[in-house]
Amino acid sequence: MFKKILIANRGEIAVRIMRTCQEMDITTAAVFSEVDRKSPFVYYADEAYPLGGITSQESYLKWEKIIGIAKEYGAEAIHPGYGFLSENADFAEAVFAEGLTFIGPPADAIRVMGNKTEARKLMIANGIPTVPGTEDAIKDKDKARQTARKIGYPILIKAAAGGGGKGMRLVEDDGQFFEAIEGAAREAKAAFNDSTVYIEKFVEEPRHIEFQILADSKGNVIHLGERECSIQRRHQKVIEESPSSLLTNELRAKMGKAAVQAAKVCGYRSAGTIEFLVDKNLNFYFLEMNTRLQVEHPVTEMVSGLDLVKEQILIAAGKSMTSLKSLDDFWGHAIECRLYAENPDNNFAPSPGEILFLKSADGPGIREDSGVTQGSEISLYYDPMISKLIAWGSDRRQAIMRMLRALREYEILGIHTTIPFLIRVLEHPLFQKGKFTTKFIEENREQLFVENINTAEVASFAAALDQINEKSKISIYNNHKNNKHGSSWKLIHRQQSLRKK
Amino acid sequence: MFKKILIANRGEIAVRIMRTCQEMDITTAAVFSEVDRKSPFVYYADEAYPLGGITSQESYLKWEKIIGIAKEYGAEAIHPGYGFLSENADFAEAVFAEGLTFIGPPADAIRVMGNKTEARKLMIANGIPTVPGTEDAIKDKDKARQTARKIGYPILIKAAAGGGGKGMRLVEDDGQFFEAIEGAAREAKAAFNDSTVYIEKFVEEPRHIEFQILADSKGNVIHLGERECSIQRRHQKVIEESPSSLLTNELRAKMGKAAVQAAKVCGYRSAGTIEFLVDKNLNFYFLEMNTRLQVEHPVTEMVSGLDLVKEQILIAAGKSMTSLKSLDDFWGHAIECRLYAENPDNNFAPSPGEILFLKSADGPGIREDSGVTQGSEISLYYDPMISKLIAWGSDRRQAIMRMLRALREYEILGIHTTIPFLIRVLEHPLFQKGKFTTKFIEENREQLFVENINTAEVASFAAALDQINEKSKISIYNNHKNNKHGSSWKLIHRQQSLRKK
Amino acid sequence: MKIFADTPKNKFEFETYIEKDDILIIKDDKSIRYDMTPLGNGRYSLIKENKSYIVHLVKNDETYHVHVLGDYFPVKVEDERIRKVKELVKSSQSGTTEKIIKAPIPGLVVKINVEAGKTVSEGESLIVLEAMKMENIIKAPYDCKINEINVKEKDAVQQNQDLIKLISVD
Amino acid sequence: MKIFADTPKNKFEFETYIEKDDILIIKDDKSIRYDMTPLGNGRYSLIKENKSYIVHLVKNDETYHVHVLGDYFPVKVEDERIRKVKELVKSSQSGTTEKIIKAPIPGLVVKINVEAGKTVSEGESLIVLEAMKMENIIKAPYDCKINEINVKEKDAVQQNQDLIKLISVD
């Protein structure tokens with residue numbers, strides 16, 4: 001087994017990977033940008049090496065430097081997490097060329113699946129259904145517009161190198177086409193250093209359902225069931241769960257078989273995800289394969305009992321994966337909510353700043369994978385996702401109720417988060433019934449931004465009290481009529497007077 | 001189902017119960033002493049009512065007042081948690097007499113099992129093995145000493161009304177007998193308002209293994225497997241786990257059957273625990289029944305998937321329990337560590353004070369049931385247990401490794417906790433092999449208080465740096481030779497100079 | 001004295017009296033029983049008519065940013081006198097139609113789609129800001145003329161920094 | 001200058017030089033590379049020779065209370081000069097054998113088992129303190145005579161409050 005692993009990532013996923021390493025008695029090495037000097041993943045690691053630089057390009061994407069650090073300080077393997085270098089085939093190859101192990105799939109598998117148009121061709125050749133669209137990257141914008149017209153609007157423009165909604169645009173009519181393609185290319189360039197984009201038909205009433213697969217070097221390829229990821233905003237996943245309320249056992253078996261097949265034909269090894277779209281008639285289409293650990297992998301961990309990072313490490317070290325059977329029985333139900341540093345009330349504008357207070361949720365069935373803590377500075381330079389809450393329940397209802405109470409008890413001061421929005425999604429009757437598509441947020445916008453008048457009154461009352469207190473310069477806290485709390489009173493008054501100084 | 005439940009308790013268990021109520025859409029009412037005005041369980045509740053008073057006697061034990069609040073404000077049921085009123089049969093009866101529901105067993109069951117000597121007689125009458133000792137409460141000290149001599153030292157003196165190690169004394173020779181019996185009686189009086197004590201033979205090489213049982217009003221009585229609670233200090237449980245590394249399936253079935261039988265003969269209903277001692281020859285003895293929710297109930301929840309508080313509420317409302325079969329297959333392995341506000345390096349002296357910073361553990365397999373947060377004031381008046389960490393793993397090894405990493409990442413400033421001690425217990429080879437008795441801590445004292453010289457050096461280095469920095473009045477933070485972090489440097493320097501003001 | 005507290009979609013009114021060292025809050029002729037205890041870090045435990053809440057209060061300029069029950073509200077609090085003064089000031093001001101578009105977030109100006117002097121229609125893209133790897137398009141709030149552009153491409157801007165000055169087109 | 005840092009069971013020594021605005025820490029003729037960044041609330045991120053730690057430092061009187069790697073150490077730090085001064089002071093003091101027993105914890109005095117003037121043996125119970133529902137017995141540290149008792153039963157005592165003054169019996 002590896003003695004030391006370098007984690008070429010930041011934030012929650014770096015911490016997540018280090019935790020498994022610790023549990024396996026493997027030394028962890030962090031690399032960090034200037035901005036991240038005080039981030040938890042830096043002091044969570046056993047060793048930490050500065051990369052310098054501020055932006056991703058100047059730091060986490062500098063792969064020669066990262067490989068250099070790994071070699072100099074004796075790390076035998078590199079885990080890329082998700083994003084950044086995780087789907088960079090050249091990087092994976094370079095790691096291998098230097099005699100180190102890349103914890104992920106072979107470079108060839110990344111390359112073929114990473115190029116979305118190549119991947120589509122491979123799937124079509126192997127009889128796995130795909131969504132109609134361009135088979136190649138777009139070179140000529142005018143020609144591309146003709147293709148779009150032929151497929152029929154609405155269409156999606158997607159980054160060939162990408163994932164996670166970056167460099168993606170929905171185009172509903174011909175007039176928006178050029179602006180959309182330019183924006184997508186620009187975003188793709190910034191996020192993946194590759195501006196190549198392609199076109200796909202936009203499937204109607206679609207659900208986004210993906211299958212987790214595991215493949216080891218002993219020839220075992222299995223799937224661990226699905227994740228329902230239809231709750232999306234701007235093509236970013238917001239809430240994920242496993243199992244999906246849509247799939248029958250029969251459909252699950254069929255899709256699972258296709259997922260395993262997809263992994264096999266690209267010579268896959270490690271953990272990977274096959275994303276499908278399922279339409280209103282339960283037809284499913286291969287969308288893309290993510291050749292890396294997925295943000296939402298914890299829901300699969302909760303219902304399977306496996307540690308997917310541990311499986312990745314075992315597989316990379318040439319060992320067999322832990323479990324050799326496909327998952328055909330879930331242990332309860334798990335839901336994940338991504339917490340973003342964004343203000344839902346201001347069109348989800350990024351909300352950078354310092355976290356002034358943090359009391360996270362705990363108790364039965366709650367797991368958190370966080371990358372921040374009180375005192376953390378949320379910067380503008382990286383992804384706004386700061387943490388993931390995962391709730392487990394013996395059934396979907398209990399998982400939802402647990403997630404709701406966890407979100408309500410989560411306290412974070414200093415930045416805005418998407419928590420109030422997430423609560424409204426989970427409270428929505430259609431969500432609770434499992435009746436939704438990827439357009440859920442769009443279509444229920446009005447109810448998702450409603451103001452609860454009772455809660456608003458409490459907020460107003462508290463604000464008014466504080467304002468009166470400040471103005472009147474006498475202590476108003478605690479006028480409880482039945483109160484006989486001698487010492488407690490004094491305490492409160494003393495604190496009040498301190499507060500005014 | 002109940003619409004509103006009053007929780008007659010404080011701290012972590014009050015929050016724990018409220019969480020389940022929230023998940024069941026039941027309104028929660030807290031009652032609180034003066035000291036607890038700012039405790040998380042008060043603001044976690046939907047409603048909060050002051051009891052006044054500081055000590056337990058002046059607040060949480062004032063049951064007429066508590067019942068009065070429940071009636072006045074429309075709570076239909078009262079959950080007593082553990083400790084305080086949870087095993088007070090008169091209270092349970094009074095709740096019933098006022099037309100409310102007591103979430104726990106019938107008063108008669110509490111009464112017979114609550115009186116340890118009565119319980120012993122009942123068990124003996126029903127063929128369940130018990131430890132030799134006095135059958136009745138001690139009235140005459142001299143006579144009691146004769147009994148002690150007859151049974152043979154070492155013996156245990158235990159509070160008839162009690163549990164949790166309070167009012168308990170180990171007597172190793174005749175000379176200590178009188179001092180021990182007085183101390184035990186005094187402690188029993190303070191904790192349970194009942195100074196009655198009795199004597200029991202001290203079993204050698206004993207393991208403390210208990211069975212969780214559930215009984216509903218439909219006549220279903222099942223057990224949910226065992227909890228291993230042998231790791232104790234001063235008869236207080238420190239670490240608990242499920243399953244036990246000692247039990248064979250055969251012994252588990254035998255003990256489980258005895259546990260179910262014990263619950264049946266006292267007409268039990270609700271969740272309860274049968275505590276056994278198991279000696280070196282795998283003989284087991286009934287020790288006592290705890291007629292309430294146990295502190296360590298989470299480990300059973302983790303391996304069974306059930307929410308025991310939910311089961312208690314369902315049963316109290318006259319419904320069937322969720323699962324009707326005994327647990328014969330555990331879902332992995334779970335361990336609980338109790339975090340006490342005590343200083344292990346000062347003979348576990350209580351460590352009251354304010355929590356200045358708190359960053360709890362999270363990530364895969366970790367659950368926390370906490371009663372405190374940053375800013376919480378740990379007082380002298382109540383139990384020093386502030387939180388419970390629970391780790392789940394697919395096997396015992398993984399559960400231990402996860403617990404270790406969770407304890408190492410747990411940050412708490414302002415008070416001492418037992419975390420450094422817990423880490424040493426979990427790291428100990430005998431603990432890891434599952435080879436221990438209830439005397440583990442006593443017998444391995446030397447290794448459990450050893451100083452790791454490498455860690456000591458890091459601590460000394462950091463302290464020396466800070467001292468030099470204060471004296472020299474120039475900023476020494478960050479002398480990293482390869483450092484080119486322009487802006488980060490400045491930030492650090494600015495903060496440094498702020499810090500000195 | 002009357003206190004007005006407005007959230008984006010609701011308006012609340014409280015009547016207050018000072019009685020010795022206490023402040024009474026009256027609603028529907030009844031004094032509201034409350035107990036608001038500061039916990040530090042902007043956190044308060046509020047017990048109002050036996051209902052218990054944890055409330056976060058952060059005051060920025062004129063607005064309270066309030067978190068309670070997992071929800072968030074910006075709340076503007078004014079008392080009677082201040083409100084009257086403001087109304088007087090407002091009515092005496094001459095109606096200027098210039099509007100300043102400020103940066104809703106800190107970020108990097110990646111594209112400016114308009115020039116000073118041009119007329120644009122409601123919803124038209126004016127400026128593209130990038131932050132946290134996502135593009136944010138700032139659109140014209142209504143049909144208007146661009147009066148002045150205060151930034152250029154590749155500028156890093158702070159939150160609330162002036163970006164564009166508009167004059168509405170009638 | 002030499003710096004001494006002592007934990008209960010180990011003693012460490014560091015050599016320091018001030019070089020421009022930097023302080024160099026030398027061990028075995030090599031400058032130790034370090035980077036200690038404050039995170040607020042007494043927390044520091046320390047990177048020492050590439051090894052990364054989160055360190056809590058709280059200074060109370062002369063002692064640093066340090067938490068690192070899940071462990072806790074009280075650390076006494078002194079430099080050469082201070083240590084020399086202390087040694088001088090110590091050697092000039094006359095040897096007094098009176099010892100004050102202070103309350104190790106805040107608590108309630110539930111029982112006093114001795115009287116002033118009495119002689120007791122090592123390990124004998126002197127006082128019983130109760131806190132957090134547990135009794136804590138304070139025992140005689142060695143054979144001694146009780147010089148003075150400073151508390152009475154039912155007193156609530158603060159941490160480090162004087163309880164009993166002893167004179168050792170030779």
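Owing to the predicted nature of the structure, the values given are computational and were not obtained by experimental measurement. Chain identifiers are assigned alphabetically (A, B, ...) following the order of the sequence lines, protein sequences preceding nucleic acid strands; residue numbering begins at 1 within each chain. Reckoned from all heavy atoms, side chains included, excluding hydrogens, waters and symmetry mates.
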Which of [options] touches chain C most, by non-hydrogen pairs under 4.5 Å:
{"options": "A/P344, A/P384, A/A349", "answer": "A/P384"}
{"options": "A/R186, A/M385, A/R424", "answer": "A/R186"}
{"options": "A/T455, A/L356, A/I423, A/T417", "answer": "A/T455"}
{"options": "A/I453, A/D383, A/L407", "answer": "A/I453"}
{"options": "A/H416, A/E342, A/E457", "answer": "A/E457"}

Before accepting this row, confirm whether a basic side-chain N of the pair A/E187/A/K166 lies closer than 4.0 Å to the acidic partner's carboxylate O.
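No, no charged N to carboxylate O under 4.0 Å.
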Contacting region of [X] [heavy-atom separation from chain A under 4.5 Å]:
{"X": "C/F12", "result": "side chain"}
{"X": "C/V77", "result": "both"}
{"X": "C/V68", "result": "both"}

Intermediate values then yes/no, side-chain hydrogen bond (donor to acceptor under 3.5 Å, both in side chains), A/D345 and C/Y72:
CA-CA 9 Å; A/D345 280 330; C/Y72 160 74; 6.0 Å; no
May I ask you to check whether over 12 heavy atoms, not counting those of A/E179, lie within 6.0 Å of atom CD?
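Atom CD in A/E179 is not packed in, count stays at 12 or less.
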Verify the neighbour count for atom NZ of C/K27: are there more than 12 heavy atoms of other residues, nucleotides or ligands below 6.0 Å?
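Buried by this count: over 12 neighbours within 6.0 Å.
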Taking the side chain as every heavy atom from C-beta outward, state whether C/V128 and C/I138 have any pair of such atoms under 4.5 Å apart.
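Side chain of C/V128 against side chain of C/I138, heavy atoms only: no contact under 4.5 Å found.
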Determine whether the aromatic ring centres of residues A/Y382 and A/Y60 are separated by less than 6.0 angstrom.
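They qualify: ring centres under 6.0 Å apart.
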Strictly under 6.0 Å, is that where the ring centroids of A/F449 and A/F421 end up?
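So the answer is yes for these two rings.
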C/N10, C/V75, C/D6, C/L46: which one forms the most heavy-atom pairs within less than 4.5 Å of chain A?
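Of the candidates given, the most pairs with chain A belong to C/N10.
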